[in-house]
Amino acid sequence: MKKAMRNYGIIAIVLVAFTFAFSNTVMANEEGPKKHVTELKFIGNKENQPVFELNLSSTVEDEYTVTFRDEYGNLLYTEKFKGANLNKRFLLKADDLGDAALNVVVKSKKNNTTEVYSINRSHSYVEETVVNKVK
């Protein structure tokens, strides 16, 4: 009787081990839909005009539409790009824009997703006066 109980214990341990082994394998092989990652950032000025960089990180080739609009919805710029892991730079003419907010819309055709960025510009003048005790 003890030998039969020992066998059931060993069989139970083996079954638990197989259960964990197969569940880990299934979880490791699960892959969701291929996602793309977009990033829009200000990288500096060129000839006193702001330059923005758009990174489109995706392992799968896709078609992207990038649209710049002012705060009133007026179309300023639009272009389509096709590829994977794209990197585009945009030079904006700041004189034409003033301090108006801009919206940048990045649409992915294959994934049917839209990401929106807002660009807010402001100018400030800072004057600093420092007084130090010498003696």
If every non-hydrogen atom of [X] is compared with every non-hydrogen atom of [Y], which pair is closest and at what distance?
{"X": "N120", "Y": "S118", "value": "ND2-OG, 3.6 Å"}
{"X": "A84", "Y": "S58", "value": "CB-O, 3.3 Å"}
{"X": "N85", "Y": "S57", "value": "OD1-CA, 3.5 Å"}

So which pairs with a foot in residues 73-82 pass salt bridge (charged side-chain N to carboxylate O under 4.0 Å, His left out), sequence neighbours left out?
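Those involving residues 73-82 are E63-K80.
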Is the backbone N or O of L102 less than 3.5 Å from a side-chain atom of D70, with the two atoms forming a donor-acceptor pair by type?
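No, because the side chain of D70 does not come within donor-acceptor range (under 3.5 Å) of the backbone of L102.
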In chain order, what residues pass the ring pair (Phe, Tyr, Trp, His ring centres under 6.0 Å) check against F81, with sequence neighbours excluded?
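Checked F81 against ring pair (Phe, Tyr, Trp, His ring centres under 6.0 Å); zero matches.
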Counterpart residues, side-chain hydrogen bond (donor to acceptor under 3.5 Å, both in side chains), relative to [X] (two or more places apart):
{"X": "E39", "result": "N55"}
{"X": "N48", "result": "none"}
{"X": "T78", "result": "T67"}

Give the intermediate values and the outcome of side chain to side chain contact (heavy atoms under 4.5 Å, CB included) for residues N87 and E53.
CA-CA 7 Å; N87 183 322; E53 183 176 70; 3.3 Å; yes
Could you list the residues that satisfy side-chain contact (heavy atoms from CB on, under 4.5 Å) with F42, not counting sequence neighbours?
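Checked F42 against side-chain contact (heavy atoms from CB on, under 4.5 Å); matches are N45, P50, F52.
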Exercise: do Y64 and T38 side chains pair donor with acceptor under 3.5 Å:
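No donor-acceptor contact under 3.5 Å links the two side chains.
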What about L54 and Y77, same hydrophobic cluster or not, with Ile/Leu/Val/Met/Phe/Trp/Tyr joined at side-chain heavy-atom distances under 4.5 Å?
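Looking at the clustering, Y77 is in the same group as L54.
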Following the transitive rule for hydrophobic clusters with a side-chain heavy-atom cut-off under 4.5 Å over Ile, Leu, Val, Met, Phe, Trp and Tyr, establish whether I43 and L91 coincide in one cluster.
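Yes; L91 is reachable from I43 via cluster members.
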Inspect the surroundings of NZ in K110 and state if more than 12 heavy atoms from other residues, nucleotides or ligands are less than 6.0 Å away.
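Counting neighbours around NZ of K110, more than 12 heavy atoms of other residues, nucleotides or ligands fall under 6.0 Å, so yes.
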For side chain to side chain contact (heavy atoms under 4.5 Å, CB included), just list the numbers for V66 and F90, CA-CA rounded to whole Å, side-chain angles, deciding distance to a tenth of an Å, and then say yes or no.
CA-CA 11 Å; V66 178; F90 301 95; 4.1 Å; yes
Please report the interatomic distance CG(D62) to CG(L86), rounded to the nearest 0.5 Å.
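It comes to 9.0 Å.
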